[in-house]
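Written below as structure tokens is the structure these notes are about.
What you see is a predicted model; the values in this text were computed from it and never measured.
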Amino acid sequence: MYQSGGITRPSKGQWTAWASWTSSSSTCGNGVAVRTRRCLRVTRMDRCAGEQRQYRSCQSGICPEDALPFRDLQCALYNYRPIPGSQRGYKWVPFYGAPTACHLNCLAVGQNFYYTFGRVLDGTSCGPNSNGTCINGQCLKADCNGIFTSEVSKESCGKCQEQQNTCVLIQRVYLAPFPSSGYFGYKNVTRIPAGASQIKVMDESRNILALMDSNGHYVINGDWVVSWSGIYKVAGTEVHYIRNSESHEVLEADGPTNEDLYVQVLFQENNPGITYQFWLPKDLYDNYKREPHLSWQQSENEDLNSWVNKTTSGNGESHLGTAQGKEVLTVSRKGQCRRCKTPKGKSQRIKQYCQSDFVIHAKVLGRRIIGQETRYDIQVKHAYKHKFPIMHREYIWVSNTCDCPYLVDRHEYIMMASKHVNHEYTLNRILLSVTSFVKPWSPEEDQKLQRVNIFCSTTP
């Protein structure tokens, strides 16, 4: 400290006290409040460690039933206003397939493009299946005190302010190799015992995680059926399941659980390692550590019945049939997914042929979920029609994760697609819609397309 003009000043940067919290960013429902502080410095070189702004979650009462969700409202503010490159006005709705969740990405209704109107307002949810909130352009989660931070550190056992020494953190990596032969069904990863909290399981590959309850009933991705990102209630808690591009799959639950849960994997490729962690109270951990960890000892040909019966406490009455007889995973119609609309008949073939930018015969080489979209890697075998140049190897996009239309790896299809360019010209890609004409390729289907173009001049 030193004195200047009778005023005592800090020799290094120091923060003032926090100002009062502002009112909520939203008039109803979930919102955020902010408070600030100032850094007192003697010279420009002085710095204060920490954040100048702090955000916290707040609740402003229940919204009316007819109230627009916050992101919808922000998109609607731009309805029928011209955008750069176009004098036409559009009606806008949220678009969740863009790479940045905290940008205001809005889809033009009835069109195949979206526009980004900068950042969303603070307090906007990161997405329909996310428990994060957009703050200053970042997707953050609130800690135990409701303060938003990039690294949420909840105390052990899921209870804030609880002493760390009452619980034990279990962290492991499942490294079983991709089976070279034998049983190719579900493999056991681990048992998560009743009483576990702050559960997190992560896989960064095309392999598919599955979750089963203590009665042998699948909750997520069971019986050769792929589930969708969302919230699943089981064992007295909510499991948040996410499939995305950064971490291929994530299972998270606050807990504590009131029954055992079983994590399994359906291998599609080599296993880079499945990480899992959870907290256990010390009295439960003492029993857990004395048990053999069957997930690491399962033989290549061991089926699920034997494992569940070994690990389920009690009289071992739980049963689970082996998943056999289906070569292709089908889709669970959960969340926002509905039954796919499949165009049929000669009239639809002609109409879509004439209206499409691309009509191709292609082989599916791979599939990846990216955000709220699905990207297929395809090999173009033949182009019946292409208004724009097309390569022998392309990506083709579907603006949903519902497998509509349904495409299977290594199979060949007739696809009628459109070119998708956003107004900023940052995206230029081939797009299939949920109603696009897509059929398995066959010599008969090939013959039907040979003379379709003669009808296009008369098609409205």
Validation row: [X], [Y] side chains within 4.5 angstrom (heavy atoms):
X: Thr116; Y: Thr100; answer: no
X: Arg349; Y: Met416; answer: yes
X: Gln171; Y: Thr275; answer: no
X: Leu104; Y: Cys75; answer: yes
X: Trp92; Y: Ile83; answer: yes

Assess the cysteine pair Cys126 / Cys134: is their SG-SG separation shorter than 2.5 Å? no
Main-chain N/O of Cys354 paired to Lys385 side chain as donor or acceptor, under 3.5 Å: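 Answer holds: yes.
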Is a side-chain donor or acceptor of Arg172 paired with a backbone partner of Ile274 at a separation under 3.5 angstrom? no
CA sep, side-chain torsions, deciding dist, call: Tyr241, Glu249, side chain to side chain donor-acceptor pair (under 3.5 Å): CA-CA 7 Å; Tyr241 174 58; Glu249 286 182 292; 2.5 Å; yes
Carboxylate-amine/guanidinium proximity below 4.0 Å for Asp409 and Arg206: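 Yes, charged N to carboxylate O under 4.0 Å.
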Would you call Arg368 and Asp377 a salt bridge, taking side-chain N to carboxylate O under 4.0 Å as the test?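 Asp377 and Arg368: not salt-bridged.
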Residue pairs passing the disulfide (SG to SG under 2.5 Å) test with at least one member in residues 199-236, sequence neighbours excluded, are none
Partner of Tyr90 by ring-ring contact (aromatic ring centres under 6.0 Å, His included), out of Phe117, Tyr114, Phe113, Tyr78: Phe113
So Phe388 and Phe358, would you call those rings parallel, tilted or perpendicular, with 30° and 60° as cut-offs? tilted
Just checking Lys200: does its NZ atom have more than 12 heavy atoms from other residues, nucleotides or ligands closer to it than 6.0 angstrom?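 No.
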Around atom CD of Gln111, are there more than 12 heavy atoms of other residues, nucleotides or ligands at under 6.0 Å?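 Correct, the count exceeds 12.
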Name all residues meeting the side chain to side chain contact (heavy atoms under 4.5 Å, CB included) criterion together with Ala210; count only those two or more places apart in sequence or in a different chain, and write none if there are none.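 Listed in chain order: Tyr186, Tyr218, Asn221, Gln264.
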Working note: Ser418 + Asp357, criterion side chain to side chain donor-acceptor pair (under 3.5 Å); need CA distance, chi angles, decisive distance, verdict. CA-CA 5 Å; Ser418 59; Asp357 296 325; 4.9 Å; no
